[in-house]
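Below is one structure; the comments refer to it alone.
Keep in mind that what you see is a predicted model, and the values were worked out from it rather than measured. Per chain, numbering begins at 1; letters A, B, ... match sequence-line order.
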Amino acid sequence: MTSSLGAVRGVQHRDEREPVSVERSNETNSKWLDAHYDPLANLYTFSSCTALLDLHRDGEAKLVVGDLGTGLCNMKLKVYKGTSLMTENALLDLPTGVVTFLMDQNEPRTPAVAVASGPYIYVYKNLRPYFKFTLPALDVNLLEQDVWNQAKQDMIDPMTLKEMLEGIRDKADVPLSVRSLRFLMLEQEEMESFVNLHKHHPIKRQTVITCMGTLKKNMADEDAVSCLVIGTESAEVLILDPEAFTILTKMNLPSVPAFLDVTGQYDVEFRITMACRNGSLYILRRDSKRPKYCIELSSQPVGLVRVQKNIVVGCSEETLHAYTQKGKKLWTVYLPSSITTMGLLDQKSRGFQAVMVGLASQEVHLYRDKNLLNIIRTPDVVTSVCFGRYGREDNTLIMTTKGGGLIIKILKRTAVFEEKDTSPGPPLAQGVKLSVPKKTKLYVDQTLRERENAVAMHRIFQADLYRLRLMAARAYVKALEGSVAPISSVQQEPLQMNAVVQGIGPKFKLTLNIQNTSINHPSIHLLISFLYDERLYSMENSFFKIPLLVPGLNYPIETFVDCLSDKGISDLIKVFVLREGKSAPLLTAHINMPVSEGLAAA
Amino acid sequence: MGLLDRLAGLLGLKKKEVHVLCLGLDNSGKTTIINKLKPSNAQTQDIVPTIGFNIEKFKTSSLSFTVFDMSGQGRYRNLWEHYYKEGMAIIFVVDSSDKLRMVVAKEELETLLNHPDIKHRRIPILFFANKMDVRDALSAVKVSQMMLLETIKDKPWHICASDGLKGEGLQEGVDWLQDQIQAMKI
Ligand SMILES: Nc1nc2c(ncn2[C@@H]2O[C@H](COP(=O)(O)OP(=O)(O)O)[C@@H](O)[C@H]2O)c(=O)[nH]1
Ligand SMILES: [Mg+2]
């Protein structure tokens, strides 16, 4: 009987749950339209090297990608229009950042593209090279310079040069130049030619750009002129003037920045958030040369996105943390896999922002606060995500994959991301129905009856309540009239009495405190009588006279009671205060005797 | 004169107005095509576009055209859907050079076909695979495949490649539409 019931219940459960999971996957799919997928696009890049812009001001936004190629060759700046590659320009070194910005107020307001690569920023206008900015050279180590000068004059041989450079490398505050470091890596037979090739050129020490962003100059408008903000390998943050490309501000960091986010305006107030290689976030503000806030992460940052005013940082230990712009931690999400890339989904028409997180598990998760709203499954691991207006469609998601593929999805125009939590785990489990027992017929009948006769039931209850109150009032009056209360209401003899029982048994001490409450009328000829069950209790004196009671004084009258039972039962003892010659008591007190506990010991 | 003379004349006898809806994504070429179809004596009522919602209307003695962009993110969608009820024929313009948004056009068509005011009516739909002159533009066959037109079973439909700028391909489409409207026996 029970087993068959259990089986039936099991089947029901499955029926209830399955449609839910199907619905979820459908819902996930239905948010996006698959506009394009080219697994062989040969596009190798990261989110920081992709940008969308209306390059030709024709209402059709293009995709600009800094392609890392193989990492050694084939580095290119590529521009996509729709589903196809429009142009490509060769790059000399790996791109580390691609941004678009407006340099000036000149008409037509063609946006420029800036590509950070090595120590340079290449600026393109109308896809034509326009300007090249070079980071200022760093100070070189004087000892190193000296040693190379000696080599130049053939005063030392390559082996000596190597030994001296090694000595400098190990001790010096100023690091060696790239040339010296490369030299130290060479095999002995390669050294001679290397020295001869380079010794006539002065040594230089150059830092490189690690990340790049833009900062509005003095207006918040979408098409306002912007400064470039760059982070360097020498742990500096530079802000460049958009027209003159001079360094407007230089700030120092405790570590090398890997990701940055910029908000505000240069001339008003701004904040630059830097995720650094030492596992910390630093927040810089306009008027301080040093970081204003520091957030120490538990592991290396692998992505940084700002959602409205909050900072969301992805870490190498498969977590996503959110902080306020003052560094207060808001939440942490644990991810099912490691993060490959991060980006912001900004659905401007709905004022909706969320964080896209590319995962090694071939998924892109969409988080709004700590809620997982949407999962996109991808045919390959995604290495870059970029969301915005592309072509003529406002909400387009462009992703590139590890294998060089290009995926373009368009958010359905009717799609709305719901704020509910779709992440797996406890919240889902809570949705599973408990097998609450069925409502009994009795319960249902009773509920129905209560629903139908609510008014009548209420009236009956009210009538009974009044009746109860009436009965209580009557009993009270009767008690007063019969003097069965501990206060005497007789005008001539106003008395008050209370009783105290002391002891644990079998012998109890009973103390009656009697007080004459009249102002100046003494009480005389009063008697006390006890009434009790003689099988249970015995008293030496259960009827005696009490002395004259002076008004206002308390008269404690003590007497002893013996409990006769060892059964642990107790009873009432009634006390009457009487006037000589009258049978009706002046007052009555009922003493609830405690259970005798001392009998066993006695 | 205009391309619609035969239809207008035919309907003129019946003294009955026919409402034609001309839809498609923004930039597909609707305005361009309609301007080509428009007889010189047509009265144009250009309605000032509200934010995110652009609609044009014009009328001949017996035909009224309502043209609008299927664009935007929903807030104004019900504004244009409101015109579905009075439409008796549909011209759906697709930009065959915009491969990226073909899927969006397909989605909009699907939404249109599932709308309660359209779903159960045998309303004829003429598709223009427009901008056929653009290099790399998809053929009408390809457009029809990508839009899954063969799945439309309960409505007469027809697709032809067109060049809205030169007016090429428009006559073929309009002839088909006229036959359909005539067959409706209004
Ligand atoms: N090459 C080409 N361009 C076209 C064609 N039809 C329209 N256009 C252009 O496409 C753009 C959008 O056309 P328009 O009629 O305004 O589109 P609507 O938004 O659907 O009304 C305009 O620049 C037209 O000149 C065509 O057949 N071929
Ligand atoms: Mg138009």
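- Separating the CG atom in B:D26 from the CD atom in A:E393 is a distance of 7.5 Å, to the nearest 0.5 Å.
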Under the criterion side chain to side chain contact (heavy atoms under 4.5 Å, CB included), I'd like the reasoning laid out for B:V103 against A:D34: C-alpha separation, chi angles, the key distance, then a yes or no.
CA-CA 7 Å; B:V103 66; A:D34 292 313; 5.7 Å; no
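- More than 12 heavy atoms of other residues, nucleotides or ligands sit less than 6.0 Å from atom CD of B:E150.
- Within a 6.0 Å radius of NZ in A:K125, other residues, nucleotides and ligands contribute more than 12 heavy atoms.
- Residue B:N27 holds its CG atom at 8.0 Å from CD of A:E60, rounded to the nearest 0.5 Å.
- Atoms CZ and CG, on A:R392 and B:L25 in that order, are 10.5 Å from each other to the nearest 0.5 Å.
- Proximity of B:L100 to A:I408: side-chain heavy atoms (C-beta onward) are separated by under 4.5 Å at one or more points.
- For A:H36, the side-chain hydrogen bond (donor to acceptor under 3.5 Å, both in side chains) criterion is met by no residue, not counting sequence neighbours.
- In this structure, A:T83 OG1 and B:R101 CZ are separated by 13.0 Å, a value rounded to the nearest 0.5 Å.
- The pair A:K412-B:E107 meets the salt-bridge criterion, with a side-chain N (NZ, NE, NH1 or NH2) lying under 4.0 Å from an Asp/Glu carboxylate O.
- Other residues, nucleotides and ligands contribute more than 12 heavy atoms inside 6.0 Å of the CZ atom of A:F387.
- The neighbour count for B:K155 NZ, taken as heavy atoms of other residues, nucleotides or ligands under 6.0 Å away, is above 12.
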